[in-house]
Amino acid sequence: MNDRQRPTADIGVFGGSGFYSLADGAETWEETTPWGPPSAPVTIAEFGTGTPVRVAFLPRHGTDHRFPPHRVNYRANVDAMRRLGVRALIAPFAAGSLRPEIKPGEFVVCDQLVDRTWGRPSTFYDEFADGPVHAPFADPYDPELRHVLLEAAAETGVTAHDGGTVVVVNGPRFSSRAESRWHREAGWHVVNMTQAPEAALAMEAGIPFAGIALVTDYDAGLESDPGVEPVSQEAVFAVFEANLHKVRALLQAAFPKLAALSDTDVSET
Ligand code: ADE
């Protein structure tokens, strides 16, 4: 239990210590929510001088990566961020590429999402106690946040594709070659296991949300180059680790710009 007052934060990031190791003044906060505990305590760190930007970090898989994608408590994670008062939520995630021109080590600042997950609690509204609530979801990713992330990527010399559709699979297994071909032929760009229901819950919570894919692999392989090995867990973790410094640089460049975006109305409960 916390015996101090809940801290506040300007921006939330779904990521762990790899993302804030360079930050100042980190404090930890154990949040509780009606949905249960989030995946881990939240770490709040300050970036910049003058009026620093306060950023809350929460590793969606837990500090020891104990929660597989289908067992992450997404509702508690998003609600914890809402309780801290974040005005923007940034969600970096590992992804497989479905196209040769989107290469491992590059980023995609997604603008669309296809949810192929099932069986996950994916709404804050299991009961319409105060009347119906159907969140709009035509544009899952906030255009202003996307713009800031693309600007920050350009400033830091990181290759980031502007727009792309992420198809979210249930996991924890990877896709078969047939599934992967289907996803590519449908016109989608990258594949991941956690953007749903994270993005939809952020929308229900009224928090502008941006997902940034760090491409770690070519999913089940490349038909244009049969020499490319299908994805393995080892490759995903190794490529993610090797490129973490790029995510860190990009986020650090983005934080002041994100904090400067106009306040949004994130309601209190
Ligand atoms: N995360 C990273 N690579 C992935 C892939 N190929 N499929 C699903 N999730 C991923």
Side-chain angles (χ1 to χ4, degrees), residues 13-16 18-19 39 58-62 64-72 74 77 90-120 122 140-141 149 158-161 164-200 209-248 250:
V13 175
F14 285 127
F19 294 90
S39 301
L58 206 177
R60 61 167 78 76
H61 293 286
D64 49 4
H65 210 105
R66 76 167 54 199
F67 300 111
H70 63 295
R71 298 305 297 263
V72 169
Y74 296 96
N77 289 354
I90 308 298
F93 60 91
S97 167
L98 300 171
R99 293 165 183 242
E101 68 274 18
I102 301 175
K103 301 183 178 71
E106 296 181 349
F107 293 85
V108 180
V109 182
C110 293
D111 62 352
Q112 278 299 325
L113 177 157
V114 174
D115 182 3
R116 293 203 52 242
T117 67
W118 48 272
R120 303 179 180 193
S122 55
Y141 296 109
L149 291 177
V158 162
T159 304
H161 299 262
T165 299
V166 57
V167 52
V168 191
V169 296
N170 210 47
R173 68 165 177 83
F174 293 112
S175 304
S176 69
R177 288 185 200 275
E179 288 167 334
S180 191
R181 188 182 317 123
W182 172 36
H183 296 162
R184 189 176 56 254
E185 285 173 1
W188 305 329
H189 299 81
V190 290
V191 53
N192 154 265
M193 299 179 191
T194 56
Q195 281 295 278
E198 209 168 76
F209 183 83
I212 177 157
L214 167 49
V215 176
T216 52
D217 58 89
Y218 279 116
D219 202 31
L222 273 183
E223 278 172 5
S224 56
D225 182 356
V228 173
E229 287 291 310
V231 57
S232 69
Q233 173 184 315
E234 292 71 25
V236 169
F237 281 88
V239 177
F240 198 85
E241 274 303 310
N243 287 282
L244 206 49
H245 66 283
K246 295 184 195 167
V247 190
R248 225 182 274 136
L250 193 160

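Both counts, for ligands and for their atoms, begin at 1 and track the order of listing.
Counting heavy atoms from C-beta on, the side chains of Tyr218 and Ile102 never come closer than 4.5 Å. Under the 4.5 Å side-chain criterion, counting only non-hydrogen atoms from C-beta, Pro69 is in contact with Tyr74.
Distance check, rounded to the nearest 0.5 Å: CG of Leu113 to CD of Gln195 gives 6.5 Å.
Residues Arg173 and Glu179 are paired through a salt bridge, judged by an N-O separation under 4.0 Å between the basic side chain and the carboxylate. A salt bridge is defined here as a Lys NZ or Arg NE, NH1 or NH2 lying under 4.0 Å from an Asp or Glu carboxylate O, and Glu223 with Arg184 meets this definition.
The ring-ring contact (aromatic ring centres under 6.0 Å, His included) analysis of residues 225-246, with sequence neighbours excluded, yields the pairs His65-Phe237.
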Using a cut-off of under 3.5 Å, which N/O atoms of ligand 1 pair up with protein N/O atoms, and what distance separates each pair?
{"residue": "ligand 1", "atom": "1 (N)", "partner": "Ala94", "partner atom": "O", "Å": "3.4"}
{"residue": "ligand 1", "atom": "3 (N)", "partner": "Gly96", "partner atom": "N", "Å": "3.3"}
{"residue": "ligand 1", "atom": "3 (N)", "partner": "Asp217", "partner atom": "OD2", "Å": "2.6"}
{"residue": "ligand 1", "atom": "6 (N)", "partner": "Asp217", "partner atom": "OD1", "Å": "2.9"}
{"residue": "ligand 1", "atom": "6 (N)", "partner": "Asp219", "partner atom": "OD1", "Å": "2.8"}

